[in-house]
Each structure stands twice: as C-alpha cells, then as structure tokens.
Protein chains: 2
Amino acid sequence: MTQDVSDKKDEFDPQDFLPYLLNRAAEESSLEFQQVYKDRYGMLRTEWRVLFHLGNYGEMTAKEIGLRARIHKTKISRSVSKLEERRFLVRSRDDADRRVERLALTSAGQAAYRDLRKVAQAYDAKLAGLFSEEETDLLRKMLRRLAHMD
Amino acid sequence: MTQDVSDKKDEFDPQDFLPYLLNRAAEESSLEFQQVYKDRYGMLRTEWRVLFHLGNYGEMTAKEIGLRARIHKTKISRSVSKLEERRFLVRSRDDADRRVERLALTSAGQAAYRDLRKVAQAYDAKLAGLFSEEETDLLRKMLRRLAHMD
DNA sequence: CCTTGTTAGTTACAAAATCAACTATTATCC
DNA sequence: GGATAATAGTTGATTTTGTAACTAACAAGG
C-alpha cells in the first residue's frame with residue numbers, strides 16, 4: 001500500500017474546487033456594489049447588511065439580525081453603533097426584556113436603504129443577464145442550498 | 001414626479017441579491033475545509049491558496065500567483081514568508097531578472113498540498129452531491145463566469 | 001429571595017487585511 | 001551613459017476582524 005505511484009487518475013483540478021470558485025465569484029461580484037455603499041455612504045459591508053435587513057424586515061434586534069444574516073454579534077454591535085452615529089437607525093430598550101434592543105431605521109436610514117436597494121436591484125439584473133432566466137433561477141436555488149438558507 | 005407612492009411593484013428581495021447569496025454560500029462552504037488546513041497545518045486561507053497554486057502549476061513567481069488567484073501582493077508576500085518559515089517552499093532569485101523570485105514547493109510542501117488536495121476533492125464531491133451532475137457542472141460554469149475566470 | 005445559569009449586547013486585546021510608502025532592480029529614452 | 005519611470009517584492013501604519021472576557025438583565029430551582 002501507499003505505493004501510490006500515480007496521482008494521474010485523480011484528475012482533480014483545485015481550480016474547480018467549489019469553495020474556491022464560490023469565493024472568487026463572491027469577491028468579484030461584490031466589488032462593484034461595494035464601491036457604491038462605500039463611496040456613497042462610507043459604509044462597511046456588515047453595515048450595509050444590517051441596514052438591508054432592517055430595511056427589508058423592519059424592526060429587529062441585533063440577535064435576530066445575527067441569526068438571519070449569520071453575522072457575529074460583535075460585528076453587529078459595532079455596525080449598529082456606526083449606523084446609529086450616522087443617524088441611520090435608533091435603538092429602543094424592550095420594556096418586557098430590558099437586555100434587548102429593538103433597532104429601527106430612521107427616515108434617513110430608510111432613504112439610504114431604498115437608494116441602495118435600487119442600485120442592488122439594477123446590479124443584480126446585470127449579473128443575472130449573464131445567463132438565461134432558468135439558469136439564474138437555478139443558480140440562486142443552488143446558492144441558497146449551499147448557504148443553508150432553504 | 002417623485003410621488004413614488006408605491007415601492008410595491010418593485011418586488012426585489014435583497015435576500016435574492018446574487019452577491020449576497022454568493023457570499024453566504026462561499027462563507028458557508030469554506031468553513032468546513034478551512035478547519036482542515038487551519039487545524040492540520042496552521043495555515044491561513046491565503047497560505048493555502050498560495051500552496052495550492054504552487055502545487056497545481058509548479059514553480060511560479062509571487063506576481064503570477066497574485067494575478068491568477070487575484071490576491072494582493074502584500075498578502076502573497078506575507079504568506080510566502082510563512083510558508084518559507086514552515087519549510088513548505090523555497091525561493092530562488094531569477095538570474096535573468098534579479099527582482100523576481102521563483103517559488104517552488106519543498107517535498108514537505110508537496111506532501112501538504114497532496115494531503116489537502118485529497119481532502120478538498122472529497123469535500124468538493126460532498127458539496128457536488130447536493131445536486132445532479134448537470135447542475136453541478138452548470139454551477140461551476142456560472143461561477144467561473146461570474147469570477148471572470150473564463 | 002438568592003444562588004446558579006443563561007442570554008443580549010459591549011469592550012479589550014490579538015490577529016489579520018488594507019493601503020501607502022519604501023528598496024532594489026530593470027527598462028526607457030533623451 | 002544617465003535621468004526618469006516602471007516593476008517585484010517588502011515593510012510599516014491604519015483599519016477591520018476575531019476571540020475572550022466582561023456587564024447587565026433575566027430565568028429557574030431550591
């Protein structure tokens with residue numbers, strides 16, 4: 001055993017490694033949109049994600065955002081502080097459980113959310129345009145599966 | 001104008017935003033394999049990528065790795081130093097152009113590469129197993145397209 | 001009630017990524 | 001040939017992330 005003279009039959013090209021491809025595609029496809037929330041609002045990625053979760057689902061707690069978006073609580077905490085400084089959201093203590101903070105976008109936050117959502121939508125359409133509609137649908141389905149979002 | 005009473009017709013769920021899905025899928029699918037090169041060899045992701053490029057393509061320069069893998073030169077530089085410390089690669093000055101360093105895996109580096117490639121292959125098969133063969137092929141093709149790797 | 005455990009969120013410190021400036025070498029072109 | 005620019009790679013300062021320990025509030029069992 002272990003004479004293993006030939007790695008030939010293996011034929012596994014690490015370039016095809018799904019996590020690698022996924023990372024490359026994710027980075028590449030994030031770049032262009034990243035410029036928008038960075039240049040236009042000075043936001044970091046996590047801040048944009050928090051904003052988008054609040055814009056999309058309405059009032060939430062930091063915990064809930066973390067669970068949904070799979071973001072660690074320290075990142076959320078810092079993002080919430082930044083968004084608060086910039087007057088994009090306000091916090092309010094939950095009277096029933098005073099450990100909890102309910103987070104809600106201000107109207108400035110909502111405006112930023114709508115603006116960025118519009119850009120995101122257009123950008124998404126551009127990416128989707130690389131493929132047929134069926135292919136794109138399948139892609140999203142597969143990505144959700146890989147991300148355990150289904 | 002701008003009376004814009006209804007955002008209804010928009011119907012764009014940021015959860016479907018391709019860069020978001022790609023990032024979530026990339027992070028999720030990287031986790032398990034990350035544990036392996038981290039626990040088994042104490043490597044960082046960039047170090048693993050450099051290793052895998054050298055293992056896959058043979059001798060290369062830092063520049064070439066950076067271009068192929070889209071990694072910034074400072075990250076490469078530091079990864080190469082770490083891999084050199086751990087005796088996974090050796091550098092040699094190119095006599096034709098003495099700015100350039102040719103990088104090559106040592107036999108220890110090659111062994112690590114082969115080991116990790118085996119794990120990667122098995123993990124890739126596991127991920128691919130979530131879908132049909134045609135779907136997986138299409139997925140890879142689409143990801144390469146999104147990553148501008150085609 | 002009052003110890004023990006759990007949960008939401010923050011903070012401090014270490015590790016890593018990013019960005020800019022730097023060294024050394026080669027290429028350009030007057 | 002000698003100034004100027006370009007290139008390969010490194011280093012240092014700043015920013016961001018990750019890890020762990022922390023505070024404050026609640027929960028449960030005795």
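Just so you know, these numbers use all the heavy atoms, side chains as well, and skip hydrogens, waters and symmetry mates. Quantities reported herein were computed from a predicted structural model and do not represent experimental measurements. Residue numbers begin at 1 in each chain, while the letters A, B, ... track the order of the sequences.
Interface residues of residues 38-71 of chain A facing DNA chain D, ordered by number: A:L44; criterion, heavy-atom separation under 4.0 Å. Using a 4.0 Å cutoff on non-hydrogen atoms, the parts of residues 76-86 of chain A near DNA chain C are A:S77, A:R78, ordered by number.
Judged as a side-chain contact (heavy atoms from CB on, under 4.5 Å), and not counting sequence neighbours, the contacts of B:A108 are B:F88, B:T106. Applying the ring pair (Phe, Tyr, Trp, His ring centres under 6.0 Å) rule to A:Y113 yields no partners; only residues at least two apart in sequence or on another chain are considered. For A:R102, the side-chain contact (heavy atoms from CB on, under 4.5 Å) criterion is met by A:E59, A:T61, A:E64, A:S92, A:D94, not counting sequence neighbours. Applying the ring pair (Phe, Tyr, Trp, His ring centres under 6.0 Å) criterion to B:F52, with sequence neighbours excluded, gives A:Y20, B:W48. Under the side-chain contact (heavy atoms from CB on, under 4.5 Å) criterion, A:R78 pairs with A:T74, not counting sequence neighbours. For A:K38, there are no side-chain contact (heavy atoms from CB on, under 4.5 Å) partners, not counting sequence neighbours.
Within the nucleic acid shown, A:R91 comes within 4.0 Å of sugar-phosphate atoms alone, with no base atom in reach, counting heavy atoms only.
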Residue pair A:R91, A:S81: steps toward the side-chain contact (heavy atoms from CB on, under 4.5 Å) verdict: CA-CA 10 Å; A:R91 322 184 194 218; A:S81 297; 3.2 Å; yes

Run the side-chain contact (heavy atoms from CB on, under 4.5 Å) check on A:L51 and A:Y37 step by step: do they pass? CA-CA 11 Å; A:L51 184 86; A:Y37 58 69; over 6 Å; no

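Placement of B:Y57 and B:V100 in two distinct hydrophobic clusters is found when ILVMFWY residues are connected by side-chain heavy-atom separations under 4.5 Å, directly or transitively.
Residue-to-nucleotide proximity on DNA chain D shows that, of B:H72 and A:D94, the 5′-proximal contact is made by B:H72.
When DNA chain D is scanned in the 5' to 3' direction for atoms under 4.0 Å from non-hydrogen atoms of chain A, the outermost contacting nucleotides are D:dT16 to D:dC26.
Checked options A:R140, A:R117, A:K141, A:R144; the residue passing with B:D16 is A:R144 (criterion: salt bridge (charged side-chain N to carboxylate O under 4.0 Å, His left out)).
Stem regions for DNA chain C, each three or more consecutive Watson-Crick or G-U pairs with both distances under 3.5 Å and listed by first number, read C:1-30 with D:1-30.
Across all non-hydrogen atoms, the minimal contact from A:L103 to A:A62 is CD1-N, 3.7 Å. Smallest separation of non-hydrogen atoms from B:S29 and B:L127: CB-CD1, 4.1 Å. Scanning both residues, B:R99 and B:R93, for their nearest heavy atoms gives O-NH1, 3.0 Å.
Judged as a salt bridge (charged side-chain N to carboxylate O under 4.0 Å, His left out), the pairs with a partner in residues 65-76 of chain A (not counting sequence neighbours) are, in order, A:R70-B:E28.
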Just the table, please: protein N/O against nucleotides 21-25 of chain C N/O, every pair under 3.5 Å.
| from | atom 1 | to | atom 2 | distance (Å) |
| --- | --- | --- | --- | --- |
| C:dT25 | O2 | B:R99 | NH1 | 3.3 |

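Inspection of the A:S79 and A:R45 side chains reveals no N or O donor paired with an N or O acceptor under 3.5 Å.
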